[in-house]
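Worksheet: one structure, shown below.
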Amino acid sequence: MVEVDVLQRALSECWAAEVSGVSYYKALGARFPDHCQEFDVLALVEKTTRDLIEAVARRYGASIDHDEAERIGVEVAQVGNDWKEVLANALVYTPETLRMYTNLADVLPEEESALGEAVVEHERAQIVLFECAATGRADDWSAIDAFLDQHRPS
């Protein structure tokens with residue numbers, strides 16, 4: 001079994017990333033109103049994942065600095081001049097974020113395996129969209145739609 005402090009750190013890191021992600025996409029929606037709907041969907045992905053992580057994190061005694069996480073999201077949202085550039089810039093961070101979510105999935109107790117699958121799935125879904133922007137292909141929302149269909153609350 002994984003030590004509680006290792007699990008708490010992994011949960012806190014991922015939870016804070018999702019809080020940052022929500023504020024990131026909200027700030028981008030405000031910066032780029034012509035893509036507000038798309039950023040709202042991405043914020044919903046982050047909110048859904050945040051809520052999944054938060055429920056487990058609280059059970060294991062993990063905590064985060066909400067204000068700091070939100071500040072980071074807003075700050076990072078200032079990078080990029082348009083939809084494609086913003087998503088291409090986000091792609092740069094995905095090797096690290098995917099590693100972070102995979103680490104969480106690896107340290108979660110077996111009874112929390114559904115959370116581990118969801119956090120990795122949400123990141124991979126966003127990577128598909130980010131790669132479209134980086135390569136000039138048409139945006140592919142299918143993985144994001146599938147994630148939301150499976151995980152968002154009814």
Side-chain angles (χ1 to χ4, degrees), residues 8-60 62-105 108 112 114-154:
Q8 287 173 331
R9 277 194 304 276
L11 285 163
S12 294
E13 179 181 39
C14 293
W15 182 11
E18 295 311 297
V19 170
S20 291
V22 172
S23 64
Y24 172 71
Y25 289 125
K26 284 182 177 181
L28 287 171
R31 278 188 67 209
F32 303 107
D34 53 325
H35 287 283
C36 187
Q37 282 186 308
E38 291 99 327
F39 288 123
D40 285 348
V41 171
L42 292 168
L44 180 58
V45 169
E46 298 296 280
K47 285 178 193 175
T48 300
T49 310
R50 176 202 64 199
D51 293 350
L52 293 170
I53 294 170
E54 182 177 2
V56 173
R58 289 190 184 280
R59 282 199 301 273
Y60 287 93
S63 63
I64 63 168
D65 182 336
H66 253 300
D67 292 340
E68 177 67 6
E70 287 177 348
R71 185 195 62 73
I72 290 168
V74 170
E75 184 178 296
V76 174
Q78 303 314 304
V79 177
N81 295 311
D82 60 31
W83 168 254
K84 297 281 186 198
E85 188 177 339
V86 164
L87 296 187
N89 286 340
L91 182 62
V92 172
Y93 295 98
T94 60
E96 179 59 24
T97 55
L98 186 57
R99 181 216 51 81
M100 179 181 70
Y101 295 117
T102 301
N103 177 63
L104 175 59
L108 282 167
E112 305 294 355
L115 173 61
E117 292 169 14
V119 296
V120 171
E121 180 187 354
H122 106 281
E123 193 65 9
R124 287 186 176 146
Q126 291 182 92
I127 289 170
V128 169
L129 180 65
F130 299 163
E131 286 177 340
C132 289
T135 61
R137 295 183 316 225
D139 295 339
D140 181 353
W141 290 87
S142 60
I144 287 173
D145 292 340
F147 173 82
L148 289 172
D149 287 346
Q150 183 174 355
H151 298 288
R152 87 175 138 207
S154 359

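Both backbone and side-chain heavy atoms feed into the values below; hydrogens, waters and symmetry mates do not.
With contacts defined as side-chain heavy-atom distances shorter than 4.5 Å, the pair Val119/Ile53 qualifies. Glu18 places none of its side-chain heavy atoms less than 4.5 Å from the side chain of Val22. With a 4.5 Å cut-off on side-chain heavy atoms, Lys26 and Lys47 count as touching. Within the 4.5 Å cutoff, the side chain of Val76 has no heavy atoms near those of the Asn89 side chain. Between Ile144 and Phe147 the shortest side-chain heavy-atom distance does not fall below 4.5 Å. For the pair Leu11 and Ile64, the minimum side-chain heavy-atom distance is 4.5 Å or more.
Expressed to the nearest 0.5 Å, how far CD of Glu13 lies from CG of Asn103 amounts to 7.0 Å. Interatomic distance, Glu123 CD to Glu96 CD, rounded to the nearest 0.5 Å: 10.5 Å. Within the model, atoms CG of Leu115 and CD of Glu121 stand 11.5 Å from one another, a figure rounded to the nearest 0.5 Å. To the nearest 0.5 Å, atoms CG (Asp65) and CD (Glu70) are separated by 9.5 Å. Here the straight-line distance linking atom CG of Leu44 with atom OG1 of Thr49 works out to 9.0 Å at 0.5 Å rounding.
With sequence neighbours excluded, the residues that form a side-chain hydrogen bond (donor to acceptor under 3.5 Å, both in side chains) with Glu75 are Arg71.
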_Stepwise side chain to side chain contact (heavy atoms under 4.5 Å, CB included) test for Leu108 and Leu104_ = CA-CA 6 Å; Leu108 282 167; Leu104 175 59; 3.8 Å; yes
*asked:* Checking Glu46 against Leu42 for the side chain to side chain contact (heavy atoms under 4.5 Å, CB included) test, could you report, in this order, the C-alpha distance in whole Å, the side-chain angles of both residues, the deciding distance, and whether it holds?
replied: CA-CA 6 Å; Glu46 298 296 280; Leu42 292 168; 5.8 Å; no
*When you look at Glu54 and Arg58, which way does the salt bridge (Lys or Arg N to Asp or Glu O under 4.0 Å) test go after all the steps?*
CA-CA 6 Å; Glu54 182 177 2; Arg58 289 190 184 280; 2.9 Å; yes
*Stepwise, does the side chain to side chain contact (heavy atoms under 4.5 Å, CB included) test hold for Gln126 with Thr94?*
CA-CA 9 Å; Gln126 291 182 92; Thr94 60; over 6 Å; no
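A salt bridge is absent between Arg152 and Asp51: the closest approach of a Lys/Arg side-chain nitrogen to an acidic carboxylate oxygen does not fall below 4.0 angstrom.
At least one donor-acceptor pair closer than 3.5 Å links the side chain of Gln78 to the backbone N or O of Val74. Under the 3.5 Å distance criterion, the side-chain polar atoms of Gln8 are matched with a main-chain donor or acceptor of Tyr60.
Closest of all the heavy-atom pairs between Ala17 and Met100 is CB-CE, 3.5 Å. For Ala69 against Ser23, the heavy-atom pair with the smallest separation is O-OG, 4.1 Å. In terms of heavy-atom proximity, Leu28 sits nearest to Ala77 at CD2-O, 3.3 Å. Here the closest non-hydrogen pair linking Trp15 and Ala62 is CZ3-O, 3.5 Å. Annotation for Cys132 and Ala138: closest pair SG-O, 3.3 Å, computed over non-hydrogen atoms. Contact between Leu52 and Ala118 at its shortest, heavy atoms only, is CD1-CB, 4.0 Å.
Identified under the ring pair (Phe, Tyr, Trp, His ring centres under 6.0 Å) test for residues 37-56, with sequence neighbours left out: Phe39-Trp83. Residues in residues 117-144 take part in these ring pair (Phe, Tyr, Trp, His ring centres under 6.0 Å) pairs, two or more places apart or across chains: Tyr101-His122.
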